[in-house]
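Heavy-atom basis, side chains included; hydrogens, waters and symmetry copies ignored. Whatever order the structure lists ligands and atoms in, that order sets their numbers, starting from 1. Owing to the predicted nature of the structure, the values given are computational and were not obtained by experimental measurement.
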Amino acid sequence: MDLLGFAVVLLLSLASSTSSCKDHEKSFFLQFLAGLSEDGGLAVSWQNDTDCCTWEGITCGTDATITEISLVSKGLEGHISPYLGNLTGLMRLNLSHNLLSGELPLEELVSSTSLVILDISFNHLSGALQEFSAQISETTIRPLQVLNISSNLFTAQFPTNTWKVMNNLVALNASNNSFTGQAPSSFCISAPSITELDLSFNRFGGSVPQDIGNCSMLRVLKGGHNNFHGALPDELFNASSLEYLSFPDNVLNGVLDDANIIKLRKLSILDLERNMFIGKIPNSIGQLKRLEELHLGHNNMYGELPLTLGNCTNLKILDLKINYLSGDLGKINFSSLSNLMIIDLLVNNFNGTIPESIYDCTNLIALRLSWNKFHGEFSQRMDRLRSLSFLSVGGNAFANIRNALHIFKSFRNLTVLSIEQNFMHEILPEDETIDGFESLQHLEIYGSSLSGKMPVWLSKLKNLEKLFLYDNRLTGTVPVWINKLNFLICLDISNNSFTGEILMTLIQMPMLKSEKTVANIDARVLILPTYMSSKKDLPALKDWKYEYRILRAEVNVARNGFTSVIPPEIGRLKALDMLDLSFNSFSGEIPQAICNLTNLEMLDLSSNNLMGAIPLELNKLHFLSAFNVSNNDLEGPIPTGGQFDTFDNSSFIGNPKLCGGMLSHHCNSAKAVHAPASTLSTDQFSDKVIFGVAFGLFFALGVLLDQIVLSKLRFLQF
Ligand SMILES: *[C@@H]1O[C@H](CO)[C@@H](O)[C@H](O)[C@H]1NC(C)=O
Ligand SMILES: *[C@@H]1O[C@H](CO)[C@@H](O)[C@H](O)[C@H]1NC(C)=O
Ligand SMILES: *[C@@H]1O[C@H](CO)[C@@H](O)[C@H](O)[C@H]1NC(C)=O
Ligand SMILES: *[C@@H]1O[C@H](CO)[C@@H](O)[C@H](O)[C@H]1NC(C)=O
Ligand SMILES: *[C@@H]1O[C@H](CO)[C@@H](O)[C@H](O)[C@H]1NC(C)=O
Ligand SMILES: *[C@@H]1O[C@H](CO)[C@@H](O)[C@H](O)[C@H]1NC(C)=O
Ligand SMILES: *[C@@H]1O[C@H](CO)[C@@H](O)[C@H](O)[C@H]1NC(C)=O
Ligand SMILES: *[C@@H]1O[C@H](CO)[C@@H](O)[C@H](O)[C@H]1NC(C)=O
Ligand SMILES: *[C@@H]1O[C@H](CO)[C@@H](O)[C@H](O)[C@H]1NC(C)=O
Ligand SMILES: *[C@@H]1O[C@H](CO)[C@@H](O)[C@H](O)[C@H]1NC(C)=O
Ligand SMILES: *[C@@H]1O[C@H](CO)[C@@H](O)[C@H](O)[C@H]1NC(C)=O
Ligand SMILES: *[C@@H]1O[C@H](CO)[C@@H](O)[C@H](O)[C@H]1NC(C)=O
């Protein structure tokens, strides 16, 4: 062969192996591009005069048919062109994490008869999903296996016919949309190989479809955060491949039946939290050897724990909080549950002492036993729980606080310690032998009538953010080292017998001086979510609410014997959300600078010896939803405008020289000055308004329902 001949052969073979994409396919792309209002720079790569197999995001097969389009997080805006469905070799289409809007041309896209994977999750697609037209139904089998339409804005009922042609569906993720009506259920008949079905975070209602029980391959079923009613159908438990079954936050009821649970032997996660299930935890739970997470919190379940629970040796999370469960935990053998990392029994009726076998669970990072009926002392063996980061045992009848603190102090990773409402009438140890707690961020020892002084060992807790010592009988002064706790932002020492001056110390607290800090601290998520109750004593189940804000910038020194004037430097504590100085002996005037506390939601200065005028510019505190200056010796006009138009008489009574507002004592008109309300930056507003409103509502309800006065308003927090 001569050189020229060789060159021709080489050229020919090169040309055939790199044959470029077909013109008609290219035109479908250009149609797609034309449908975008923001193409994320694609037009630069997608030139009509180049081979589209080389274009960004496009992959071709050996014969130059386009097989894959992947344009993830490209900032694409506009709509999805139905012409993509004309690409006859396209197998994967991934457009997730863009800003695509309009309807999804599902019928056209899957009509290509080649598409196997379609992921358009995390876009702004809306409208209803198409019901496929009759002629294509059931005639052509579609190869589609994965359909991810999650995190869009789809609405309306789920189509029923559409699924009949998708016999190969393996995974359908429709979560985080606004679908309504009955959940789809025909999959298991039309697509027997379905293994993952995620319907969570929608508005599905009605009952959980019993046909799901026909899905013999189904491993993951998620239906949480919908409006499902009624009992879980018995048929559901025929889906014996289930590993992950979760329906939290619905209105499901009925009992968990022994004969049903036993069928799901492969179950690893069972999450039925926040429903209305009743009855006992079934004995057959012990047969679920692979169970790792059991979430039955926030239901109405009662009775004792089944002894067989000790057989679930792979259990990592046991979450039974806020139920009516009872009995002596000592009957359960926790020694065999050494994989446990989280035990949450908050608000139940368990009694007896803490079983010694729990101390064998050395992997525990969170133990919450608060608001039960436990008693006794903590055992020295507890020091084996070295990984504990969250320990909450409040609201029981534990004894010997000195012993308890000596055990807990050695938990080097402990960040949350709540031991309130125990140890009644004991003495709070104050000496430096309580050394340790180096990681502690939240400490709650309130409501225990403890006597003693402000403990010196607290001065070493350099990470402390929240300190609750209220409702005790502590005496003496509050030492100045409190303002060396650089992260302290939430301090409640109300209803004790502290004396002396405190405000000059508090105005030095670093965290309270800066505005941004609370949000930063809140962003750090605790291992367990915190709950609060609107009732102070014996809160009933319905009183417990999930608390979405972990920390408030709060100073509450009410009901002590503190003295001094309120220094103008109080205006520096710009972070403050709540300031309660009531029922002390503070004197002098309310400083003008208090109007600088623009975050304030609650200000209570009542029952002190304050005199002079109420600063009129307080009306520019837009989030102030609770205000009380009653029972002082204030004089002059009550500010008007802003939030002040919402405060009633009770905020001001007991000040004979005050006038205006709703008081019967009217000011002479020259005195009633309407101070200008300042404007509010939108940033600040969006940050705070939700809480402001929520707090205001809560406060109003609290007053209405409980007939409690402002100074008694108290959140129980865990
Ligand atoms: C792309 O090029 C082809 C042929 O070169 C032409 O027919 C077509 O109109 C062009 N399309 C666009 C959108 O410019
Ligand atoms: C694209 O496909 C649809 C059917 O889904 C068909 O009606 C249409 O004619 C096709 N368009 C082109 C340009 O091939
Ligand atoms: C789509 O792409 C994203 C980002 O690469 C990836 O996380 C996701 O798994 C892909 N979808 C499918 C169905 O493979
Ligand atoms: C969409 O869901 C599929 C199937 O569950 C999954 O493979 C894919 O990673 C998901 N996409 C994203 C962006 O998470
Ligand atoms: C479904 O998609 C969401 C994101 O939209 C994701 O968080 C979830 O894990 C997915 N479900 C499954 C079962 O993969
Ligand atoms: C739901 O979708 C929104 C918007 O894409 C996203 O920000 C959010 O994280 C998603 N939520 C869940 C639970 O996946
Ligand atoms: C679904 O399962 C039930 C039994 O649970 C059975 O009677 C029914 O025939 C099944 N349906 C189909 C279509 O397989
Ligand atoms: C499915 O469950 C129902 C009710 O629990 C039962 O009667 C039926 O026999 C089960 N079907 C199969 C195939 O297991
Ligand atoms: C399960 O627990 C019960 C009660 O503790 C016990 O009698 C039984 O032997 C355990 N079964 C297995 C298989 O471990
Ligand atoms: C613990 O509770 C059980 C069941 O409620 C009760 O029978 C038992 O008497 C209680 N024990 C103690 C010591 O209170
Ligand atoms: C404490 O926490 C650190 C960091 O999270 C971790 O590396 C360490 O193993 C933990 N210590 C114990 C005893 O669990
Ligand atoms: C209050 O704010 C005003 C204006 O920002 C400022 O001039 C004044 O010094 C502040 N007072 C205090 C005590 O921070």
Disulfide bond (SG atoms under 2.5 Å apart) contacts in which one or both residues fall within residues 347-390, not counting sequence neighbours: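 Listed by first then second residue: nothing to list.
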
Numbered atoms of ligand 3 (with element) below 4.0 Å of [X], judged on heavy atoms:
X: Val72; result: 2 (O), 4 (C)
X: Ile117; result: 13 (C)
X: Asn94; result: 1 (C), 2 (O), 3 (C), 8 (C), 10 (C), 11 (N), 12 (C)

N/O separation below 3.5 Å, Asn351 to ligand 10: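 Indeed, backbone or side chain, Asn351 has an N or O that close.
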
Donor-acceptor under 3.5 Å (Ser335 side chain, Asp360 main chain):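 No, the answer is negative, given that no donor and acceptor are paired below the 3.5 Å cut-off.
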
Whether Asn86 side chain and Leu84 backbone form a donor-acceptor pair below 3.5 Å: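 No: the side chain of Asn86 does not pair with the backbone of Leu84.
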
Report all N/O contacts between ligand 11 and the protein shorter than 3.5 Å as a table of atom names and distances to 0.1 Å; if there are none, say 'none'.
| from | atom 1 | to | atom 2 | distance (Å) |
| --- | --- | --- | --- | --- |
| ligand 11 | 2 (O) | Asn413 | OD1 | 3.3 |
| ligand 11 | 2 (O) | Asn413 | ND2 | 2.3 |
| ligand 11 | 11 (N) | Asn413 | ND2 | 2.9 |
| ligand 11 | 14 (O) | Ser387 | OG | 2.8 |

Set of residues satisfying ring-ring contact (aromatic ring centres under 6.0 Å, His included) with respect to His295, sequence neighbours excluded: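 ring-ring contact (aromatic ring centres under 6.0 Å, His included) list for His295, sorted by chain: empty.
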
Nitrogen or oxygen atoms of Asp119 and ligand 3 under 3.5 Å apart: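 Yes.
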
Partner set under side-chain contact (heavy atoms from CB on, under 4.5 Å) for Leu443, not counting sequence neighbours: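 Residues passing side-chain contact (heavy atoms from CB on, under 4.5 Å) with Leu443: Leu417, Leu440, Ile445, Trp457, Leu458, Leu461, Leu464, Leu467.
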
Residues Asp119, Arg92: salt bridge by 4.0 Å N-O rule: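 Looking at Asp119 and Arg92, the cut-off is not met.
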
Interatomic distance, Leu385 atom CG to Asn413 atom CG [nearest 0.5 angstrom]: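 It is 12.5 Å, given to the nearest 0.5 Å.
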
Aromatic Tyr302 / basic Lys280 pairing, under 6.0 angstrom, 45° off normal: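 Checked: cation-pi criterion not met.
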
